[in-house]
Amino acid sequence: MTRSYRFPDDFLWGAATSAYQIEGSPLADGAGPSIWERFAHTPGMMHNGDTGDVACDHYRRYREDVQLMKALGLAGYRFSINWARVLPEGTGRVNPKGLDFYSRLVDELLESGIAPHATLFHWDLPAALDDRGGWLNRDIAHWFAEYAQVMFKALDDRVKHWTTLNEPWVVTDGGYLLGGVAPGHRSKYEAPLAAHNLMRASGAGIQAYRAHGRHQVGVVFNIEPKYPATESPEDLAATRRAHAYMNEQFADPALLGSYPPELKEIFGDAWPDFPAGDFELTCQRPDFVGINYYTRAVVRHDPAQYPLKASPVRQPQATYTETGWEVYPQGLTDTLTWFKGRYGDLPLYVTENGAAFYDPPVAEGEVLEDPLRTGYLRKHLKALHAAIEAGVNLKGYYAWSLLDNLEWSLGYAKRFGLYHVDFATQKRTPKASAKLYAQVIASNGAALDD
Ligand code: BGC
């Protein structure tokens, strides 16, 4: 029996990147340092001592990279803005050269018929703001709104999709609880404060957009569905907590104006009593929500880690990526349908989805074969189609990532790109997954037909 995977006619096919991961030249043309610039230059923080100093050299090669997007047939490109390029001190003085880079990028995209989707915060907080307490300082909601206004005024005539924050969970879990990403703190007292201020800032950014913008603004969450290892009451409760901690801690204040009750159990005396008035700010209705989906977790209660964490259970028959994530396409369908059920019928985008599998540092030939990534892409696009069939109002998909890039503290060793990057020469080579994606785009999904 044949199955058709045609997508709706207006479905937007895109790819995504972020500033620190691809741009390089982090201090060029008057930019201020970000916390990632600092973190990457702190000995011992990065795999192999890698930094974003050069990355994909996109700051200088952006025209060439837009041509790669064009070759794929992309209709949309999701990138992020390095706040400290535009406001070197985080607030106040605007650096015209930094602003100009993003303006030129947007023009280049539009000339190639690619719709820009700009993310205001993808983890590279200006270091000057970290010196004032960063996400722990409640004033950051105002600092963020000020920066957002600068960007809206400069680019909203050309950018029709804006995102306030990318994946606040990673910022708080990695940056404030476990310390594996910038700013590298380890405190269960700080993590909920940082999380709350992130969502206050996102709300303030959406408010600013209502005053200055004419198109659409949203927020991006990484959602990792949690499944219990067994039906035991302990595993079910641990699964519920893991889900509240990773998924609902951010989407609930943004979309429901409250926190799930499990967070009190998880954080104990470290969970603050937030002022009730804060939820008016966090709960600003976005025009869309972006969901980043990579994997799922199967959860088992672990007394040693209770109540903050639980143990993930490895699945013996599954494929795992190079970052140790189970390939589980059904989780994408489940996530999208769950999101609609809990938060209502908002327009949704999958704003990131992809996989790191081993590719050699040098690509030989015209196309680099990457069967595992190609398989991942094919299966996840089918899972996406299933979500649309189930009634999810899904508007588009951005593959992660356009290019191999700096996988944060894991450095350049983990490759997620549709295009291979030889970091010694900056040569870009399409992978077979890029070829498949181009066919899917050209046929609006029909290339996936069985
Ligand atoms: C982030 C990206 C990252 C990707 C793969 C997401 O958590 O938004 O910046 O490279 O996943 O780990």
Side-chain angles (χ1 to χ4, degrees), residues 14-24 26 34-37 39-40 46-47 50-52 55-56 58 77-83 117-125 163-178 180-182 195 198 202 218-225 246-247 249-251 289-297 320-328 331-332 335 349-359 372-373 376-377 380 397-419 421 423 433:
T17 63
S18 92
Y20 192 70
Q21 295 181 274
I22 66 161
E23 286 178 358
S34 74
I35 57 170
W36 268 95
E37 162 71 11
F39 188 82
M46 303 287 286
H47 171 79
D50 290 346
T51 72
C56 306
H58 173 80
Y77 173 57
R78 175 175 175 257
F79 63 97
S80 79
I81 294 160
N82 172 359
W83 185 341
H117 178 149
T119 297
L120 292 167
F121 179 72
H122 198 127
W123 311 354
D124 42 2
L125 187 73
T163 283
T164 54
L165 310 177
N166 178 72
E167 299 193 357
W169 179 81
V170 175
V171 178
T172 65
D173 185 72
Y176 287 88
L177 183 69
L178 302 178
V181 301
L198 275 153
S202 178
V219 54
V220 167
F221 302 118
N222 54 309
I223 305 286
E224 186 181 286
M246 187 162 178
N247 302 325
Q249 186 181 0
F250 302 90
V289 169
I291 290 176
N292 294 352
Y293 175 82
Y294 288 92
T295 188
R296 69 156 170 179
Y320 282 80
T321 72
E322 280 248 311
T323 46
W325 300 341
E326 183 190 349
V327 176
Y328 191 70
L332 176 56
T335 289
Y349 289 84
V350 169
T351 32
E352 287 179 29
N353 172 242
F357 288 109
Y358 177 79
D359 301 310
L372 291 171
R373 189 176 297 94
Y376 181 101
L377 179 66
H380 283 79
Y397 172 88
Y398 295 85
W400 184 270
S401 180
L402 178 71
L403 303 165
D404 289 340
N405 59 45
L406 181 79
E407 179 53 16
W408 304 108
S409 42
L410 302 179
Y412 295 101
K414 307 293 180 220
R415 295 175 176 271
F416 279 87
L418 294 168
Y419 283 93
V421 177
F423 290 104
S433 52

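Heavy atoms only: backbone and side chains are in, while hydrogens, waters and symmetry mates are out. Worth saying up front: this structure is predicted, and the values here are computed from it rather than measured. We count ligands from 1, going down the list as the structure has it; atoms in each ligand are counted the same way.
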Just jot down the side-chain hydrogen bond (donor to acceptor under 3.5 Å, both in side chains) partners of Thr51, sequence neighbours excluded, or say none.
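Checked Thr51 against side-chain hydrogen bond (donor to acceptor under 3.5 Å, both in side chains); matches are Asp53.
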What about His117 and Tyr398, are their ring centers closer than 6.0 Å?
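Centroid separation for His117 and Tyr398: below 6.0 Å.
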Holding to ring pair (Phe, Tyr, Trp, His ring centres under 6.0 Å), I want the full list of residues that pass it with Phe423, two or more places apart in sequence or in another chain.
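Only Tyr412 meet the ring pair (Phe, Tyr, Trp, His ring centres under 6.0 Å) criterion with Phe423.
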Listed partners of Phe221 passing ring pair (Phe, Tyr, Trp, His ring centres under 6.0 Å), at least two apart:
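So Phe221 forms no ring pair (Phe, Tyr, Trp, His ring centres under 6.0 Å) with any residue.
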Would you mind listing each N/O atom of ligand 1 next to any protein N/O under 3.5 Å, plus the distance?
{"from": "ligand 1", "atom 1": "7 (O)", "to": "Glu167", "atom 2": "OE1", "distance (Å)": "2.5"}
{"from": "ligand 1", "atom 1": "7 (O)", "to": "Glu167", "atom 2": "OE2", "distance (Å)": "3.1"}
{"from": "ligand 1", "atom 1": "8 (O)", "to": "His122", "atom 2": "NE2", "distance (Å)": "3.2"}
{"from": "ligand 1", "atom 1": "8 (O)", "to": "Asn166", "atom 2": "ND2", "distance (Å)": "2.9"}
{"from": "ligand 1", "atom 1": "8 (O)", "to": "Glu167", "atom 2": "OE2", "distance (Å)": "3.4"}
{"from": "ligand 1", "atom 1": "8 (O)", "to": "Glu352", "atom 2": "OE1", "distance (Å)": "2.9"}
{"from": "ligand 1", "atom 1": "8 (O)", "to": "Glu352", "atom 2": "OE2", "distance (Å)": "2.9"}
{"from": "ligand 1", "atom 1": "9 (O)", "to": "Gln21", "atom 2": "OE1", "distance (Å)": "2.7"}
{"from": "ligand 1", "atom 1": "9 (O)", "to": "His122", "atom 2": "NE2", "distance (Å)": "2.8"}
{"from": "ligand 1", "atom 1": "9 (O)", "to": "Trp408", "atom 2": "NE1", "distance (Å)": "2.9"}
{"from": "ligand 1", "atom 1": "10 (O)", "to": "Gln21", "atom 2": "NE2", "distance (Å)": "2.9"}
{"from": "ligand 1", "atom 1": "10 (O)", "to": "Trp400", "atom 2": "NE1", "distance (Å)": "3.4"}
{"from": "ligand 1", "atom 1": "10 (O)", "to": "Glu407", "atom 2": "OE1", "distance (Å)": "2.7"}
{"from": "ligand 1", "atom 1": "11 (O)", "to": "Tyr294", "atom 2": "OH", "distance (Å)": "3.2"}
{"from": "ligand 1", "atom 1": "11 (O)", "to": "Glu352", "atom 2": "OE1", "distance (Å)": "3.4"}
{"from": "ligand 1", "atom 1": "12 (O)", "to": "Glu407", "atom 2": "OE2", "distance (Å)": "2.5"}

I need the single residue from Thr119, Leu120, Asn166 that forms a side-chain contact (heavy atoms from CB on, under 4.5 Å) with Ser80. Which is it?
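One option only clears the test, and that one is Thr119.
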Looking at Arg415 and Glu322, does any basic side-chain N land under 4.0 Å from a carboxylate oxygen?
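No, Arg415 and Glu322 are not salt-bridged.
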